[in-house]
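Data block below; observations after.
Note that the structure is predicted; figures quoted are calculated from it, not measured.
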Amino acid sequence: MKNTYKNQFHLEPEHGLLNDPNGLTCYQGKYYFFYQWNRFETNHCYKAWGLFTSTDLVHWQNAGPALLPDTATDRDGVYSGSGLVYDDQLWLFYTGNTKPDGQRKTYQKIAVSQDGRTFVKLDRVYPTPVGYTEHFRDPKVWRQAGRFWCIIGAQSTQTEGLIHLSSSMNLVDWTDEGVFFKDDALLQMVECPDYFETDGQGVLLCGVQKRSPIDQGDLEFGSRALYWLGSFDPEAKQFSPQAAAQPLDDGWDFYAPQTFEDDQGRQIMTAWMSRMDEDQEAQCPTKQFGYIHCLTFPRELHFKNGHLYQYPVAEIKQLRQKAQTVTGEVTAGQAFELECLVENQDFTIKISDQIAICRQGSRLQIQRKNWADGTWQEKCLTVDQVAELSIFCDASAAEIYVNHGQHCFSLRYFTTEETRRITITPTLNSTLYSY
C-alpha cells in the first residue's frame, strides 16, 4: 500500500512514536534536533532520545538513538530537556524518569559529547527539591550575566504549576534558586519551559496542564503552549511578565515548543505537531505504516509591534520548484506553499475537502476534518486586519500564518488523495509554489 501521508518537509520518525523536540543546538556546523522517541511501538510506553542532523534545516539525516534509558536513574524514560554548546562540547540536560514500586521518581541528568555522536552520561544526578511533587522535569539551560541558568517545569506539593530556577558556574554544580515564575495560568503542572531574548524582548514559553499529583494523566482541560512577554532579572532571580499569557499557536496540533539560537544569531523554534486526543491517536492513519507524529517546520522568532512573530525559516524557499498565479481553482501536489495578499477583504480558501479558511469581518475561522469521526472541527480568531496569509501544506501536516506570522495555526490532516484541490473565493492575489 502506498503511503500518501508521508511528509516531505516535516520531520517524522521512520518507525515508532515521536513527541517533544529536545536538545536543539547548532554544533560543529550542523543543526542537532533530538526528540522523544519510542523506537519500538507507536505508544508512549518507552522514551529515549532520537536524533536528526542537518546542515540547512531542510535536508535531514536520521542519526538514530542518542540517549537510551539504560541507567538506574533513567530506566523508565529519558524525558525531555535541552542542549548547550560550551567549551566545544555538546552538553545535554534531561530528566531521568524512574518508577520504583510504581511510584514516580525523577532526576535531572547531564550527558556530554565531544564529537556529536557519542554521548557520555555524567555520574551527577539532581533529585527533586523539597516542596515539589515528582512532576519536576524538562530542564532548559542558557547562559546570561556570567553564569548558567536552568529552569524546570514543576508542580508544587499544593498542586500548583510552577517554574523552578537553578544556577551554576560550571554546568555541573547547581544551586537551587527557588521559584522562577508563578502564575494562575500555569494551572497544575508545567512542562518544557523555555526563556530567551529576541529583538531586545524577553520571552517565556511553556506547556501547562491540569494534572493531579499522582499519575492520572491529563484531565479534561488537556494541555496547551503559552508565552509571556517580560524580563528575567539575574539579581532578583525571577521572571517578571509585562502582560497576561498568550497562546503560542492557535491551531490543534502544537505542544512542547523549544527554541535555540543558531550560528547566524537567529532564534529558532520547533514543536511537537500533535495534541491528538485518544481516539485521534488510536486511529491516526500513519500507524498502519509503523510510525506516528511529526515536528513543526523550524520557525524564526521576532518581537515587533508588541507581538511575538513566528515564520518558517528562509531555508524553506529551497523547496520551491515552480510558481504560478492562482485564480479561482488549482490542483497542487501533496506539498506546496500558498501565498495570498488579502488586503483586508473577506474570503474562503478550501484545500482537498480537508481544510477550510474563512474570513468574515474580524472573524477568522479555520476548519479541518477530524479523521477519527469525520466531523469538522473549528478554531476562530478575532483579528482587526488580515493583510497576508501563507499556507505551508505537507502530505499530512499544514501550518497557516496570518500577517507574516503574527498568528499561526498548526494542524494535522489526512487524505488518501495524491493531489490537493485548492479553491479561493473570491479571487485573491495568490501565488502557488510547488514543492
Side-chain angles (χ1 to χ4, degrees), residues 6-14 18-37 49-64 66 80 82-85 90 92 113 116-117 140 142 192 194 196 198-199 203 205 225 248-249 253-274 293-302 308-321 334-339 390-401 404-405 408 410 412 433-435:
K6 185 67 176 175
N7 286 312
Q8 179 175 324
F9 60 94
H10 286 86
L11 280 172
E12 53 194 359
E14 294 178 359
L18 168 151
N19 57 297
D20 304 3
N22 296 147
L24 307 183
T25 49
C26 194
Y27 179 59
Q28 296 182 348
K30 286 185 180 180
Y31 292 98
Y32 281 69
F33 278 29
F34 300 87
Y35 61 95
Q36 291 278 278
W37 187 27
W49 277 24
L51 172 61
F52 294 110
T53 63
S54 174
T55 58
D56 63 4
L57 292 172
V58 177
H59 305 94
W60 293 87
Q61 299 294 320
N62 187 342
S80 292
S82 60
L84 184 73
V85 177
L90 178 52
L92 300 180
S113 176
R117 296 185 300 274
K140 175 61 189 286
W142 76 98
C192 304
D194 193 343
F196 61 92
T198 183
D199 303 309
V203 182
L205 53 86
L248 195 53
D249 189 290
D253 294 305
F254 185 96
Y255 192 66
Q258 186 171 119
T259 75
F260 72 107
E261 183 178 314
D262 76 351
D263 55 8
Q264 300 176 47
R266 299 179 298 178
Q267 197 71 34
I268 296 174
M269 177 184 72
T270 192
W272 181 32
M273 205 167 178
S274 175
H293 300 318
C294 67
L295 299 181
T296 66
F297 192 77
R299 303 174 182 180
E300 186 173 354
L301 304 179
H302 284 287
L308 182 66
Y309 281 69
Q310 46 190 306
Y311 203 77
V313 294
E315 286 88 338
I316 198 169
K317 294 179 181 179
Q318 297 178 34
L319 298 176
R320 292 177 173 178
Q321 296 181 8
Q334 290 180 312
F336 61 87
E337 175 187 345
L338 179 64
E339 287 187 348
S390 296
I391 304 168
F392 295 82
C393 203
D394 213 334
S396 61
E399 301 183 37
I400 302 166
Y401 297 84
H404 302 285
C408 43
S410 299
R412 300 299 305 272
Y433 298 94
S434 299
Y435 281 2

**Study point:** Arg299 and Ser410 side chains, donor-acceptor separation under 3.5 Å
**Key:** yes
Closest heavy-atom pair, Pro13 versus Trp37, reported as atoms and distance to 0.1 Å, is CB-NE1, 4.1 Å
d(Phe260 CZ, Met269 CE) to nearest 0.5 Å is 11.5 Å
Given side chains that start at C-beta, do those of Asn19 and Tyr35 come closer than 4.5 Å, heavy atoms only?
no
To the nearest 0.5 Å, atom OH of Tyr32 lies from atom SG of Cys26 at 9.5 Å
| Does any N or O in the side chain of Ser54 come within less than 3.5 Å of the main-chain N or O of Tyr31, such that one atom is a donor and the other an acceptor? | no
Chi angles and distances behind the side chain to side chain donor-acceptor pair (under 3.5 Å) call for Ser274, Arg412:
CA-CA 8 Å; Ser274 175; Arg412 300 299 305 272; over 6 Å; no
### Task
Assess whether side chain to side chain contact (heavy atoms under 4.5 Å, CB included) is satisfied between Cys408 and Glu399, documenting all intermediate values.
CA-CA 7 Å; Cys408 43; Glu399 301 183 37; over 6 Å; no
Exactly one candidate in Leu295, Val313, Leu11, Leu57 meets side-chain contact (heavy atoms from CB on, under 4.5 Å) with Thr270; the answer is Leu295
Check: Does some side-chain heavy atom of Leu301 sit less than 4.5 Å from a side-chain heavy atom of Ile268?
Finding: no
Aromatic contact, Phe297 with Phe392 (centres under 6.0 Å) = no
*Give a yes or no on this: more than 12 heavy atoms of other residues, nucleotides or ligands lie within 6.0 Å of atom CD of Gln61.*
no
dist Cys192:SG -> Tyr255:OH (nearest 0.5 Å) comes out at 6.0 Å
Can you tell whether the side chains of Lys30 and Asp56 come within less than 4.0 Å, N to carboxylate O?
no
Kindly indicate, with the supporting measurements, whether the criterion side chain to side chain donor-acceptor pair (under 3.5 Å) is fulfilled by Glu12 and Asn7.
CA-CA 8 Å; Glu12 53 194 359; Asn7 286 312; 3.2 Å; yes
Aromatic ring pairing Trp272/His293, orientation class (parallel under 30°, perpendicular over 60°, tilted between):
perpendicular
| Just wondering, do Leu90 and Thr25 contact through their side chains at under 4.5 Å, heavy atoms? | yes
Smallest heavy-atom separation, Ser390 atom then Tyr311 atom, equals OG-OH, 2.8 Å
Heavy atoms, side chains only, cut-off 4.5 Å: are Phe336 and Ser434 in contact?
no
* Under-4.0 Å salt bridge between Arg320 and Glu339 -> yes
Quick note, salt bridge (charged side-chain N to carboxylate O under 4.0 Å, His left out) partners involving residues 258-271, not counting sequence neighbours, are Asp262-Arg266, Arg266-Glu315
Indicate yes or no for a side-chain donor-acceptor contact from Gln318 to the backbone of Val58 under 3.5 Å, with no hydrogens or angles considered. no
- Phe33-Phe52 aromatic ring centre distance below 6.0 Å: no
Checklist line | Pair His302, Gln310: side-chain N/O donor-acceptor within cut-off below 3.5 Å | finding: no
Nearest heavy-atom approach of Trp49 to Gly23 is CH2-N, 4.2 Å
In short, Ala66 meets Phe34 closest at the heavy-atom pair CB-CE2, 3.7 Å
So do His10 and Met273 actually touch side chain to side chain, heavy atoms under 4.5 Å? yes
Notebook entry, point to check: Any side-chain heavy atom of Leu248 within less than 4.5 Å of one from Pro257?
Noted result: yes
So OH of Tyr433 and CD1 of Ile391: to nearest 0.5 Å the spacing works out to 13.5 Å
d(Leu338 CG, Ile400 CD1) to nearest 0.5 Å is 10.0 Å
- [ ] Using only heavy-atom distances, determine whether the side chains of Asn22 and Gln36 contain a donor-acceptor pair under 3.5 Å.
- [x] yes
Within-4.5 Å side-chain heavy-atom neighbours: Phe9 and Ile316 = yes
Residues at least two apart in sequence or cross-chain that pass ring pair (Phe, Tyr, Trp, His ring centres under 6.0 Å) with Phe254, listed by chain then number, are none
- Carboxylate-amine/guanidinium proximity below 4.0 Å for Glu337 and Lys317: no
- Please answer whether the main-chain N or O of Thr259 pairs with a side-chain N or O of Asp194 as donor and acceptor at a distance below 3.5 Å. yes
With sequence neighbours left out, the residues meeting side-chain contact (heavy atoms from CB on, under 4.5 Å) with Gln8 are Leu319, Ala335, Asp394, Tyr435
